[in-house]
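For ligands, and for the atoms within them, numbers begin at 1 and follow the listed sequence. Side chains are part of it too, since the values below use all heavy atoms of this structure and drop only hydrogens, waters and symmetry mates.
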Amino acid sequence: MIKVGVFGAKGRMGSEVVRAVQGADDTELVAGVDENEERENVRGAEVVVDFTHPEAVMGNLRWLVANGIHAVVGTTGLDEERLAELRDVLAENPGVKVLIAPNFGIGAVLMMHFAAKAAPHFDSVEIVELHHPNKADAPSGTASRTAELVSAAREGAEPMPDATTAEVPGARGADVSGVRVHALRLAGLIAHQEVILGTHGETLKIRHDSMSRESFMPGVLLGVRRVAELPEQLTVGLEALLDLE
Ligand SMILES: NC(=O)C1=CN([C@@H]2O[C@H](COP(=O)(O)OP(=O)(O)OC[C@H]3O[C@@H](n4cnc5c(N)ncnc54)[C@H](OP(=O)(O)O)[C@@H]3O)[C@@H](O)[C@H]2O)C=CC1
Ligand SMILES: O=C(O)C1=N[C@H](C(=O)O)C[C@H](O)C1
């Protein structure tokens, strides 16, 4: 049995993780911790899953790594600066592994992968992400990661055509690594993303929809089961566990 703790246990995602950990045959819940509760409660856990808040996650990770506990992180907002800090903290604690996945949905990981594969074959790529209105961050971690992957895949390509010279601020979305990202927040939604690619006379749309937060749980459990054996101390992206080419 893998002993698991959950940070953000009463949240939308954390409560689903608690259910998944309790329901799986090979995992056992040590404790759930929320804001203003003692992190010490998860002592004894081999792996802690974090679905908290962009402002809380770094403090949680510093504590986990210092205490020799592997982390599986779904919380978004971990930019390059924070990842660099995390690498420094990990270097001082060589046995500890951290897996960060902007999206644990298997279909979402495939959507990002397919978008990166398609990107060099098109002149234009834009991303539309759609989420529930309680979400704190925009654009989503998934959209930012997709933009980074698309940008890397298009390295050396011509700039995307765009004649805009007069713009109401925000009308063209956010520029993430040179890719336009448009964020919608609508009641009734959970998590959705469309990558739209265009070239002469044709477009390709790659869309993923999470219709429930249960959809993220197979990916979270996969991370919990495999984090300890990952070759690197810090791994970003669930694709590292999915054998994608
Ligand atoms: N990677 C993925 O697949 C997914 C990632 N996410 C990301 O996960 C994060 C959480 O999303 P969601 O569950 O919707 O958010 P919620 O607001 O529903 O849950 C966050 C929880 O974390 C708690 N919390 C805040 N600070 C701390 C802290 N310092 N220590 C412990 N717990 C804390 C909150 O408590 P309180 O309410 O009392 O402040 C709350 O219970 C977001 O960053 C979101 O983008 C979401 C879905 C999928
Ligand atoms: O806050 C959410 O809900 C989600 N957050 C993640 C993100 O920012 O990409 C993953 C998924 O989109 C749901």
Side-chain angles (χ1 to χ4, degrees), residues 5-20 31-42 45 48-64 69 71-79 82 98-112 115 127-149 174 176 181-195 207-224 227 235-242:
V6 180
F7 282 169
K10 294 193 184 116
R12 287 177 287 271
M13 284 297 290
S15 53
E16 201 65 60
V17 175
V18 165
R19 261 192 296 282
V33 169
D34 269 273
E35 201 171 9
N36 302 322
E37 293 177 357
E38 286 302 319
R39 291 180 181 129
E40 284 294 332
N41 293 344
V42 301
V48 164
V49 180
D50 188 298
F51 280 98
T52 56
H53 191 278
E55 296 310 317
V57 62
M58 277 307 289
N60 289 342
L61 282 173
R62 270 186 230 106
W63 186 89
L64 290 171
I69 301 171
V72 172
V73 182
T75 310
T76 42
L78 285 158
D79 57 16
R82 286 168 159 206
V98 175
L99 169 66
I100 297 170
N103 200 312
F104 280 97
I106 307 294
V109 177
L110 290 170
M111 174 254 302
M112 289 186 257
I127 298 168
V128 183
E129 58 98 326
L130 312 90
H131 280 85
H132 59 93
N134 296 312
K135 186 166 176 54
D137 54 322
S140 70
T142 307
S144 296
R145 172 86 172 151
T146 312
E148 284 159 13
L149 294 171
V176 182
V181 181
H182 311 267
L184 280 64
R185 298 290 174 265
L186 291 174
L189 296 183
I190 302 265
H192 317 260
Q193 180 167 298
E194 197 159 294
V195 184
R207 182 171 173 115
H208 176 261
D209 297 276
S210 274
M211 261 81 78
S212 77
R213 292 185 175 84
E214 226 183 313
S215 65
F216 302 107
M217 294 308 118
V220 171
L221 288 175
L222 178 66
V224 165
V227 63
T235 303
V236 178
L238 193 67
E239 56 272 26
L241 297 177
L242 295 182

Heavy-atom donor-acceptor pair, Ser215 side chain to Ser212 backbone, under 3.5 Å: yes

Sub-4.5 Å side-chain heavy-atom contact between Arg39 and Phe7: yes

Test side chain to side chain contact (heavy atoms under 4.5 Å, CB included) applied to Glu239 and Met112, step by step: CA-CA 10 Å; Glu239 56 272 26; Met112 289 186 257; 5.6 Å; no

Donor-acceptor contact below 3.5 Å, side chain Asn103 vs main chain Thr142: no

For Ala191 against Phe216, the heavy-atom pair lying closest together: CB-CZ, 4.3 Å

Between ligand 2 and the protein, which N/O pairs are shorter than 3.5 Å?
residue: ligand 2; atom: 1 (O); partner: Lys135; partner atom: NZ; Å: 2.9
residue: ligand 2; atom: 3 (O); partner: His132; partner atom: NE2; Å: 2.9
residue: ligand 2; atom: 5 (N); partner: Lys135; partner atom: NZ; Å: 3.1
residue: ligand 2; atom: 8 (O); partner: Lys135; partner atom: NZ; Å: 2.7
residue: ligand 2; atom: 8 (O); partner: Gly141; partner atom: N; Å: 2.8
residue: ligand 2; atom: 9 (O); partner: Gly141; partner atom: N; Å: 3.3
residue: ligand 2; atom: 9 (O); partner: Thr142; partner atom: N; Å: 2.7
residue: ligand 2; atom: 9 (O); partner: Thr142; partner atom: OG1; Å: 2.5
residue: ligand 2; atom: 12 (O); partner: His131; partner atom: NE2; Å: 2.6

Pair Lys10 + Glu37, salt bridge at N-O below 4.0 Å: yes

Closest approach of His53 to Ala136 (non-hydrogen atoms, all atoms of both residues): NE2-CB, 3.9 Å

Every residue of the protein that comes under 4.0 Å of ligand 1, judged on heavy atoms: Gly8, Lys10, Gly11, Arg12, Met13, Val33, Asp34, Glu35, Phe51, Thr52, Ala56, Asn60, Gly74, Thr75, Thr76, Ala101, Pro102, Asn103, Phe104, Lys135, Asp137, Phe216

Under 3.5 Å: donor-acceptor pair, side chain of Arg185, backbone of Lys135: no

Thr75 (side chain) donor-acceptor with Thr52 (main chain) under 3.5 angstrom: yes

